[in-house]
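Source: prediction; values computed, not measured. The first residue in the sequence is number 1, and the count goes up from there. What's counted below: heavy atoms across the whole structure, side chains too, no hydrogens, waters or symmetry copies.
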Amino acid sequence: GELIEEFEDEWQLPENIYTSGPYLLTTGDLSEKRTILQRNVEWPLPRGGNAEMVNIYFFDDDAGMYELWQDKQLDIAPLPPDYRDDFLLEYMPRARMVTDQTVFYISFNFNSGVFREPNLRRAFSAAIDREALAEELYGGRAEAMRHLGPPGVVGAPPVDSVGIGYNPDYARQQLAESAYSSCRLMPPIVFVVSTLDVSLRQAELIREMWVKELDCTEEQIILEQVQFGTLLANTRAGAGEARPDVWELGWSSYYPDQNNWLNELLHCADSENRAERPCTQFDDLLRQASQSTDLQERIDLYRQVENGFFGEGGEAPMVPLYVRGFYMMQQSWLTYTPAHFGGEQYDTYVIDEELKRLERSR
């Protein structure tokens, strides 16, 4: 309040704002392209790391950065794309993929003539090989998802711990138990994506998987590319005849908590509910989790919901596909918790000084 009164609209400028954190800025020299942070001894919160000083370098060329890392002069650095293949061959144990918090998914229309039936939602979901998509579209710089909440989201289960994911035998079983029993007996399925080339390629790959695993015909899966605004308009609840059977979208954290994911994306009443899914007991669990102040209770409730949506016999309201990421080059002497959301948390960095000296002497 005092800052706003004194500086008005300029209260947040670097020279005016008061901030606090586990480190203090001691040097920010743009000519040297380096920033130095010193541990803030007055910071009251416990820290998991032991880094007293952090040197942050800014590089104009990837080659120089890559060479410095190879010379063991950098503890950690982004892996330049041009060096990725060579690095993964030579230093695979030192590669660390850090995911962001944007999950790409396809969503079902619960009023569709096909996807109103849960067996078919489960079948078409389990027939999609998420890892193959991640490799084909992003060269492996993405992590396959079997449930919705990605790494770093509070209350999200660990990756691969909940959900059916890719399981073609299960997919065929669910299809056989459906009212249609065979994909070829179904009406045409309209699959809408944005105008991006990668969106169309992804849809083509998914269609190939449905043809391969469920014995659909390519002609049955009608791919339509539309402007993003049109995609949003035609998939909103109440769009009526314009609504496709299935569509592609993505979701990013507004804040890294499962309430922002499960509740604000999929709840039958507390979200846009683009799928127009009816309310079930899982919406009650989400409300309960949103009102609880007990973290373990919230974690347990969200796990129940993730399993109820994406596990065996689940509702399958949509198909989480993957969360994108990028590779970091990490030296053997460094242990740290990557920041999936927000700024880097240098106070979690642990340096094994003895191992660092030994490695550098070799």
Side-chain angles (χ1 to χ4, degrees), residues 14 19 21-40 43 47-103 131 134-135 137-144 150-153 159 252-253 256 322-362:
T19 63
Y23 288 91
L24 302 172
L25 176 65
T26 59
T27 302
D29 193 333
L30 293 179
S31 63
E32 291 187 8
K33 298 183 178 177
R34 180 174 66 154
T35 293
I36 301 176
L37 305 178
Q38 182 76 37
R39 185 169 77 89
N40 181 1
W43 184 243
R47 63 190 190 123
N50 64 354
E52 296 289 319
M53 182 176 292
V54 179
N55 289 275
I56 305 170
Y57 296 92
F58 304 93
F59 292 90
D60 290 327
D61 67 304
D62 289 343
M65 178 179 67
Y66 190 66
E67 289 172 8
L68 266 184
W69 189 91
Q70 287 181 305
D71 291 342
K72 302 178 182 178
Q73 299 305 305
L74 295 174
D75 299 291
I76 190 168
L79 172 56
D82 290 347
Y83 295 87
R84 175 179 172 267
D85 291 343
D86 290 342
F87 184 89
L88 294 180
L89 281 174
E90 187 172 356
Y91 303 106
M92 185 60 191
R94 304 273 63 85
R96 176 76 174 269
M97 197 182 65
V98 179
T99 53
D100 61 21
Q101 288 192 348
T102 299
V103 171
E131 291 186 1
E135 184 60 39
L137 298 173
Y138 298 102
R141 295 186 304 278
E143 187 152 15
V153 167
V159 170
S252 299
S253 282
Y322 50 80
V323 56
R324 290 185 303 187
F326 54 92
Y327 280 106
M328 299 293 289
M329 303 182 293
Q330 177 181 344
Q331 299 287 6
S332 60
W333 58 77
L334 172 66
T335 304
Y336 83 113
T337 301
H340 299 281
F341 183 89
E344 200 62 35
Q345 298 172 340
Y346 298 113
D347 57 324
T348 68
Y349 283 40
V350 177
I351 305 290
D352 185 330
E353 293 290 353
E354 184 176 346
L355 180 59
K356 186 173 183 176
R357 284 193 294 270
L358 179 63
E359 289 284 346
R360 282 182 159 180
S361 66
R362 289 175 176 172

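Counting heavy atoms of neighbouring residues, nucleotides and ligands inside a 6.0 Å radius, atom CD of E353 exceeds 12 of them. Heavy-atom contacts from other residues, nucleotides or ligands closer than 6.0 Å to CD of Q70 number more than 12.
When the options R47, E52, M53, Q38 are evaluated for a side-chain contact (heavy atoms from CB on, under 4.5 Å) with Y23, the one that passes is R47.
Of the inter-residue distances, the one linking R34 atom CZ with F59 atom CZ reads 11.0 Å to the nearest 0.5 angstrom. Distance CD1/I351 to CD1/I76: 9.0 Å, rounded to 0.5 Å. Once rounded to the nearest 0.5 Å, the distance linking CZ of R324 with OG1 of T99 reads 12.0 Å. A distance of 11.5 Å separates CG in D347 from CG in N50, rounded to the nearest 0.5 Å. Put simply, CE on M97 and CG on L88 are 11.0 Å apart, with the number rounded to the nearest 0.5 Å.
Between Y322 and Y138, the ring center distance clears the sub-6.0 Å criterion. Side-chain rings of W69 and Y91 approach one another, their centers coming within less than 6.0 Å.
No hydrogens or angles considered: nothing links the side chains of E344 and Y336 as a donor-acceptor pair under 3.5 Å.
Using a 4.5 Å heavy-atom threshold, the side chains of Y327 and R141 count as touching. You'll find the side chain of M65 stays beyond 4.5 Å of the side chain of Y57, heavy atoms only. No side-chain heavy atom of F326 sits under 4.5 Å from any side-chain heavy atom of L79. The closest side-chain heavy-atom distance from M329 to P78 is not below 4.5 Å. Looking only at side-chain heavy atoms (C-beta outward), L37 and L25 come within less than 4.5 Å of each other.
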Residue pair Y346, I56: steps toward the side chain to side chain contact (heavy atoms under 4.5 Å, CB included) verdict
CA-CA 11 Å; Y346 298 113; I56 305 170; 3.5 Å; yes

Next on the checklist: Between D75 and K356, is the side chain to side chain contact (heavy atoms under 4.5 Å, CB included) condition met? List the steps.
Outcome noted: CA-CA 9 Å; D75 299 291; K356 186 173 183 176; 3.0 Å; yes

Tell me, with the steps shown, if K72 and Q331 meet side chain to side chain contact (heavy atoms under 4.5 Å, CB included). CA-CA 8 Å; K72 302 178 182 178; Q331 299 287 6; 4.2 Å; yes

Evaluate F58 against T35 for side chain to side chain contact (heavy atoms under 4.5 Å, CB included), listing each step before the verdict. CA-CA 8 Å; F58 304 93; T35 293; 3.5 Å; yes

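A salt bridge links E359 to R362: at least one charged side-chain nitrogen sits closer than 4.0 Å to a carboxylate oxygen.
The closest donor-acceptor contact from the side chain of Q101 to the backbone of P150 lies at 3.5 Å or more, if one exists at all. Of the possible donor and acceptor atoms, one in the side chain of T26 sits under 3.5 Å from a partner among the backbone N and O of I36. In this structure a side-chain-to-backbone donor-acceptor pair under 3.5 Å is present from R94 to Q330. Between the side chain of D100 and the main chain of T102, a donor-acceptor pair closer than 3.5 Å is present.
Of all the heavy atoms in D62 and P81, the pair that sits closest is OD2-CD, 4.5 Å. The shortest non-hydrogen separation linking P80 to Y66 is CD-CD1, 4.3 Å. The shortest heavy-atom contact between V159 and P151 is CG2-CG, 3.6 Å. Between G152 and P256, the closest heavy-atom pair is O-CB, 3.8 Å.
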